[in-house]
Amino acid sequence: MAGFFIAIISGALMSIQGVFNTGVTKSSSIWVAAGFVQITAFITCAVMWFMTGRPELKGLLNVEPKIALLGGVIGAFITYTVVKSMSALGVAKAEITIVIAQIAAAYIIELFGLFGSRKAEFSLMKLVGIAISIVGIVIFNLCGNKQ
């Protein structure tokens, strides 16, 4: 149950962060905003690292698969794409599309056990759920255009 609560908080924070980042972009540029997000995230992580007992950094050398170390690089492009999509679509349309894309990508990653993740069995019901979600995006976008 705690996992669901944390996931709900995560989703809400992502939406709020996207709005904040889009606002920062209006006063600067998208890469300045993305850089600021990454720098402040680094500072926050460094502070939390000091506050939580400081496990050794050399553990990073043992990370497998090594591609997992690209998370920060991917994070910069996540910031960029969220800001661009929110600017183009608005907060709600961008977020609903982002969430469904996350679900579809996560399911593909699980099905094939990509990037060292645990492999999951194919489920027709999960595929139907994703398809229904995509239909939901279409309905959401169509209804949003009618005033």
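Quick caveat, the model's predicted, so the values are computed rather than measured. We count residues from 1, following the sequence as given.
Heavy atoms only, all atoms of each residue included: Ser28 and Ala33 are closest at OG-N, 4.1 Å. Scanning both residues, Phe122 and Leu111, for their nearest heavy atoms gives CA-CD2, 3.5 Å. Across all non-hydrogen atoms, the minimal contact from Val19 to Met86 is N-SD, 3.6 Å. Considering every non-hydrogen atom in both Ala76 and Ala34, the closest pair reads O-CB, 4.2 Å.
Side chain of Thr97 to main chain of Lys93: a donor-acceptor pair is present (N/O by atom type, distance under 3.5 Å, no hydrogens or angles). Thr79 places a side-chain N or O within 3.5 Å of a backbone atom of Gly75 that can act as its donor or acceptor partner. Tyr107 places a side-chain N or O within 3.5 Å of a backbone atom of Ser123 that can act as its donor or acceptor partner. Using modelled atom types, no side-chain atom of Lys119 and backbone atom of Ile109 make a donor-acceptor pair closer than 3.5 Å.
Using a 4.5 Å heavy-atom threshold, the side chains of Met14 and Gln102 count as touching. Counting heavy atoms from C-beta on, the side chains of Gln17 and Val37 come closer than 4.5 Å. Taking the side chain as every heavy atom from C-beta outward, Phe20 and Val24 never approach each other to under 4.5 Å.
Annotation: the span from Thr44 atom OG1 to Met48 atom CE amounts to 9.0 Å, rounded to 0.5 Å. Atom CD1 of residue Ile74 and atom OG1 of residue Thr81 lie 11.0 Å apart, to the nearest 0.5 angstrom. Residue Asn21 holds its CG atom at 11.5 Å from CD1 of Ile78, rounded to the nearest 0.5 Å. Atom CD in Glu64 sits 9.0 Å away from atom CG in Leu69 (nearest 0.5 Å).
Under the 4.5 Å side-chain heavy-atom criterion for ILVMFWY residues, a single connected hydrophobic cluster contains both Ile132 and Phe140. The hydrophobic clustering, which links ILVMFWY residues whose side-chain heavy atoms are closer than 4.5 Å, places Ile130 and Ile108 together. Under a hydrophobic-cluster definition in which Ile, Leu, Val, Met, Phe, Trp and Tyr are linked whenever side-chain heavy atoms come within less than 4.5 Å, directly or via other members, Trp31 and Phe36 are assigned to different clusters. Following chains of ILVMFWY side-chain contacts shorter than 4.5 Å, one can reach Ile103 starting from Phe112, so the two form part of one hydrophobic cluster. Leu124 and Ile134 fall within the same hydrophobic cluster, defined by Ile, Leu, Val, Met, Phe, Trp and Tyr side-chain heavy atoms under 4.5 Å apart, directly or through other members.
No more than 12 heavy atoms of other residues, nucleotides or ligands shown are found within 6.0 angstrom of CD1 on Ile67.
Remark: Lys84 pairs with Ile30, Tyr80 by the side chain to side chain contact (heavy atoms under 4.5 Å, CB included) rule, at least two apart or across chains.
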Between Thr25 and Ser87, is a side chain to side chain contact (heavy atoms under 4.5 Å, CB included) present by the stated rule, with each step listed? CA-CA 10 Å; Thr25 298; Ser87 295; 5.8 Å; no
